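Predicted model, so just to flag it, every value in this text is computed and none were measured. Only this structure's heavy atoms are used, side chains among them; waters, hydrogens and symmetry mates stay out. If you read the sequence from its start, that first residue is 1, and numbering goes on from there.
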Amino acid sequence: MADFGLYLYQEEVVERALRGENTIIWLPTGGGKTRAAVYVAKRHLETTRKAKVVVLVNKVHLVDQHYTKEFKPHLGYDYKLVPVSGESEEKDFFGKVVQDSDLVICTAQILYNALINTEETKHVELSDITLLIIDECHHTHKESVYNKIMRCYVEKKLRGERPLPQILGLTASPGTGGAKILEKAVEHVLQICANLDSAIVSTKNYAPELKKKVPRPIKTFDIVEKRHEDPFGDHLKWMMQLIHEYMNLPPDVRLRECGTQEYEADVVILEQRGVRVNNRLLAQCALHLRQYNDALLINDTLRMMDAYRSLEEFYITKSDTAIDGTDFFLVGLFQENQVELRKLAMDSRYENPKMGKLESILLNQFGHGSKESRGILFSKTRKSTHCLKDWVVDNRTLQQAGIKAAILTGAGNGITYMTQNEQADTIRNFRQGKLNLLISTSVAEEGLDIPECNLVVRYGLLTNEIAQQQASGRARARDSQYSVVAVKGGREERRELTNEYLEELTGKAIAQVQDMSLQEFHRKITELQTEAVVTSKVAETRKIEKKSRYTASSIQLLCRNCFKPVASGSDIKLVDNAHYVNVNPDFKRHYRVGGPVILDRSFEDWEPGCTINCNNGNCNLQWGFEIKYKKIALLPNLAIKNFALETPDGRTTVKKWKDVLFTVEDFSFEQYCQDYFPDLFD
C-alpha cells in the first residue's frame, strides 16, 4: 500500500474492503476517501476473476472529476475505464459499455435506468458487477436513486440470489437523520448500514495522523446586532397587511410572522387552496404575498436594493398580463409604492449590518496583501449568490483588497444555473489563482475537488449537520478560518450550535454501531432490510391504486393562472418515461409560442423547440415548451405545476406528474405517425 501513497489511517479503513466485505468508509472531507476507493478498486481488479467495477456519483460534474483526478492516473494504463453521464453518448448503449469495460464511473440514475431497461444494449444486471463503489453514500435513503439501486440489491440478497457485487460506500458524515437523541441517531446509522448492506468503518489506531492531515479550522461566530430600525422592511410588511385585508382571509386561516420560512409555507398552501376552491383572488394574492415575503428574506440577508429589485423584476411583466380586478389591485399597489420603496432601499443609514460584518471578514482575510488567500462564501440560493457577487464587484474597498470573485452554483437549465463547462472553468480558475473567492450554493459543499481554502464563510444559511461538516471541511489550509455570520440570538446561530451537537452525536452513534457484536449487527441489519422491502412493496401498491383513482378522460387540465379548461387527461401521453406531452392537435389553439429553449446538451431522440404560454386574453402563463421528437413529431411538453386538475371530486394541484391521480399512457410514435401521416402506411 505504501507504493500507492496511502496514509496509515487510509490503510486501516480499507482493510475489511480488501477482504471482500461490504463496508462504508467514514472519513472527513479532505481525508482521502476517493483515493482509498481507488486502491480498493485496483486490488479488486488485480485479484478478482472477471472483475467489473462501477463507481456511482450523485452529481454529473463528479463523473469527470473522479475519472480525471483519481481513477485514470492510477488505473488508466492497465485497465479500460469509461466515464458516463447523461451528457455522454455512451449512456444510450450503457449495457454494452459495462460489458466491454473494466471500470465505469457514472451517475446513479444511469445505472438505475439500465437495471430497469429491458433493451439488450442498455440493460445491466447487478450480477454483471463485482464491485459497486457509492460516493457520498449518506444519500442512500428514502426514495433516492442510490436507495432504489440498493433496494434491487437487498431484494435479491433476501431471496438468496447470487452473485451480487461487493459494496463500498464513501461518506464524510451519515448524519443523524434529524434525530436529537443517541438512541434515534443509532437507528439512523443502522438504517444507512442496512440500506447499503454494509458495516461502517473509521480509523481507530491512527486518529492523530488523520487529525494532522485534516486540521479543523478555527471557528468563529461573527455576530451582529439586529437593525435598530428597518423602514424598508416595515413598509413591505404594511403593504402585505393591505393585501391581507383585500383578500378577506378565510376565518380558519392563521398566517405566521411575515419574513419567515413558516409564512412562506402558509401562503403556498393558501395559493393551492385558492385554486382548489376556484377563488382566483385568494390564489393570486397568496402568490404575490410570497414575493413580498421573499423580499423580506432577502432584506434580512442581503442589501435592501437586492430585495427591492427582486420585487421590481416580478412586477415588470405583471401590468401587461393583468386579467381582472385582483391583478389591477396588486400591480397598482406596487406601482403606487415603488418610488417610496426605492428611496428607502437607497438609504444607507438602514443597510443590513450583516453586509458590513461580511465586508470586515473578507478584508481581514484578503486585505493584508496575502496573495495566497482563498475563500468560499456559502449562501442559500442561486439568486443570493448573484446578489453577493454584484456587491463584491461594486464594493471599491473589496476590489482594492484584490478580491476576484466568481459564482459557483449547480448545473442545470435556466438563467441562474451554470453549465458543466462553466463550473469546470470556474474551479480551474480558482485553482490557478485567477480567482480567490467562490460565492457558492451547497454545490461546493459536497464532492467537488476544490483546492485548500483558508476562509469559509456560511452566510444566511440554515442547513443540517452534514452540510455544516462538509462546508467546514473546505477550510483545509493550516490555521484556516470557518466563519458563521449571524444575527445575535437568531436562527442561524441557534442552528449552527445545534449542528455542532449533532456532529458529536453522529460520532457517538457510529461508535455504538461499531461496538455491536457481529451477530447482533447482522440480525438488526436483516430485520431492517426485510422491513424496508415490505414497506416499499406496500408503498408501490398504494402508488398504483392512487394512479388509477380516476380515468384519464374524467380529468380536465386548467391553466393555473386564469383557470381556463384547456385539455383532457386522456390527451396526455408519456414520451420515453420522461416527457408528458399533449397529443391532441386542438390543444394548439390554447397556447402561443414564445422564444426558443436553449439547452446545454443534445439528446438521443428529441430536441427542444420554443416556450408555450397560455393565450387566454392577457394570461400568458408559461406552460412548458415544444419538443421535436425523432425529427418528426412537434409535441407540447407540459409542466404540471402550471395547471390545476379538475377531478370528479373537485379541483386539486400537484407539483410533479408522478403525483397525478390518473394513469398516463405511454406515447406510441408508430400510432402518432399513422394518425398524422397516414399516406406513409398505405
Side-chain angles (χ1 to χ4, degrees), residues 243 246-248 267-292 294 310-335 338 414-415 555-572 579-597 608-627 634-647 650-657 660:
I243 297 173
Y246 176 82
M247 70 200 290
N248 195 13
V267 291
V268 164
I269 291 165
L270 197 60
E271 186 273 341
Q272 292 167 352
R273 176 171 172 169
V275 173
R276 231 176 24 249
V277 300
N278 199 27
N279 185 338
R280 190 172 182 277
L281 185 150
L282 197 63
Q284 288 303 305
C285 286
L287 270 180
H288 286 245
L289 284 168
R290 185 175 180 182
Q291 295 297 324
Y292 279 97
D294 275 352
S310 75
L311 277 175
E312 190 178 52
E313 281 169 26
F314 175 72
Y315 279 102
I316 215 150
T317 57
K318 290 294 172 191
S319 53
D320 298 331
T321 56
I323 294 174
D324 59 21
T326 300
D327 297 325
F328 290 117
F329 165 76
L330 292 165
V331 171
L333 178 66
F334 177 73
Q335 288 174 344
Q338 194 168 0
I415 198 156
I555 302 290
Q556 273 208 312
L557 274 70
L558 284 61
C559 171
R560 188 150 178 171
N561 183 45
C562 66
F563 296 173
K564 184 184 178 184
V566 291
S568 163
S570 56
D571 298 336
I572 309 300
H579 311 286
Y580 289 83
V581 301
N582 190 319
V583 296
N584 187 336
D586 290 342
F587 184 62
K588 270 191 170 56
R589 62 191 176 88
H590 292 297
Y591 67 82
R592 60 175 71 95
V593 175
V597 174
C610 296
T611 59
I612 59 172
N613 301 61
C614 177
N615 70 1
N616 180 28
N618 278 347
C619 179
N620 211 41
L621 180 69
Q622 190 174 322
W623 287 344
F625 59 92
E626 289 182 325
I627 62 170
L634 193 64
L635 304 163
N637 178 34
L638 307 178
I640 192 61
K641 65 179 182 180
N642 298 321
F643 296 88
L645 299 171
E646 195 75 72
T647 77
R651 196 176 293 179
T652 187
T653 59
V654 293
K655 264 190 189 174
K656 296 183 176 176
W657 278 104
V660 297

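How far CZ of F328 is from CD of Q335: 10.5 Å, rounded to the nearest 0.5 Å. The structure places NZ of K641 at 10.0 Å from CZ of R560, a figure rounded to the nearest 0.5 Å. The OG1 atom of T652 lies 10.0 Å from the CD atom of E646; values are rounded to the nearest 0.5 Å. With rounding to the nearest 0.5 angstrom, the CD atom of Q556 is 9.5 Å from the CZ atom of R651. One finds the OH atom of Y246 at 4.0 Å from the OG1 atom of T326 (value rounded to the nearest 0.5 Å). Rounded to the nearest 0.5 angstrom, L289 CG and L270 CG are separated by 8.0 Å.
With sequence neighbours excluded, the residues satisfying side chain to side chain contact (heavy atoms under 4.5 Å, CB included) with N642 are L621, W623, A639.
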Begin with the C-alpha distance, continue with both residues' side-chain angles, and end with the deciding distance and a verdict on side chain to side chain contact (heavy atoms under 4.5 Å, CB included) for D320 and N618.
CA-CA 7 Å; D320 298 331; N618 278 347; over 6 Å; no
Can M247 and F329 be said to form a side chain to side chain contact (heavy atoms under 4.5 Å, CB included), step by step?
CA-CA 11 Å; M247 70 200 290; F329 165 76; over 6 Å; no
Can Y292 and F334 be said to form a side chain to side chain contact (heavy atoms under 4.5 Å, CB included), step by step?
CA-CA 10 Å; Y292 279 97; F334 177 73; 3.9 Å; yes
Run the side chain to side chain contact (heavy atoms under 4.5 Å, CB included) test on H579 and L635 for me, step by step, so that the C-alpha distance in whole Å, both residues' side-chain angles and the decisive distance to 0.1 Å come before the verdict.
CA-CA 10 Å; H579 311 286; L635 304 163; over 6 Å; no
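The minimum heavy-atom distance between I627 and F625, with the atom names listed, is CG2-CE1, 3.5 Å. Pairing each heavy atom of G617 with each of R592, the nearest pair is O-NH2, 3.5 Å. Considering all non-hydrogen atoms of both residues, K655 and I640 come closest at O-CG2, 3.6 Å. Residues C285 and I243 come closest through the heavy atom pair CB-CG2, 3.8 Å. When all heavy atoms of V275 and F563 are compared, the closest pair comes out as CA-CZ, 3.8 Å. Between V566 and F587, the shortest heavy-atom distance links the atoms O-CD1, 3.4 Å.
Dense packing is recorded around NZ of K564, with more than 12 heavy atoms of other residues, nucleotides or ligands lying under 6.0 Å away.
A 4.5 Å side-chain heavy-atom check between T653 and E271 finds every atom pair outside the cut-off. Looking at L557 and I572, their side chains come closer than 4.5 Å, going by heavy atoms from C-beta outward. Between H590 and N616, the closest side-chain pair of non-hydrogen atoms is not below 4.5 Å. Looking at heavy atoms from C-beta onward, N615 lies out of side-chain contact with R589 at the 4.5 angstrom threshold. When side chains are defined from C-beta on, K318 does not count as touching D327, because their heavy atoms never get closer than 4.5 Å. The side-chain heavy atoms of Q284 and N561, taken from C-beta on, include a pair separated by under 4.5 Å.
Remark: side-chain polar atoms of D571 are not paired, donor with acceptor, to backbone N or O of N582 under 3.5 angstrom.
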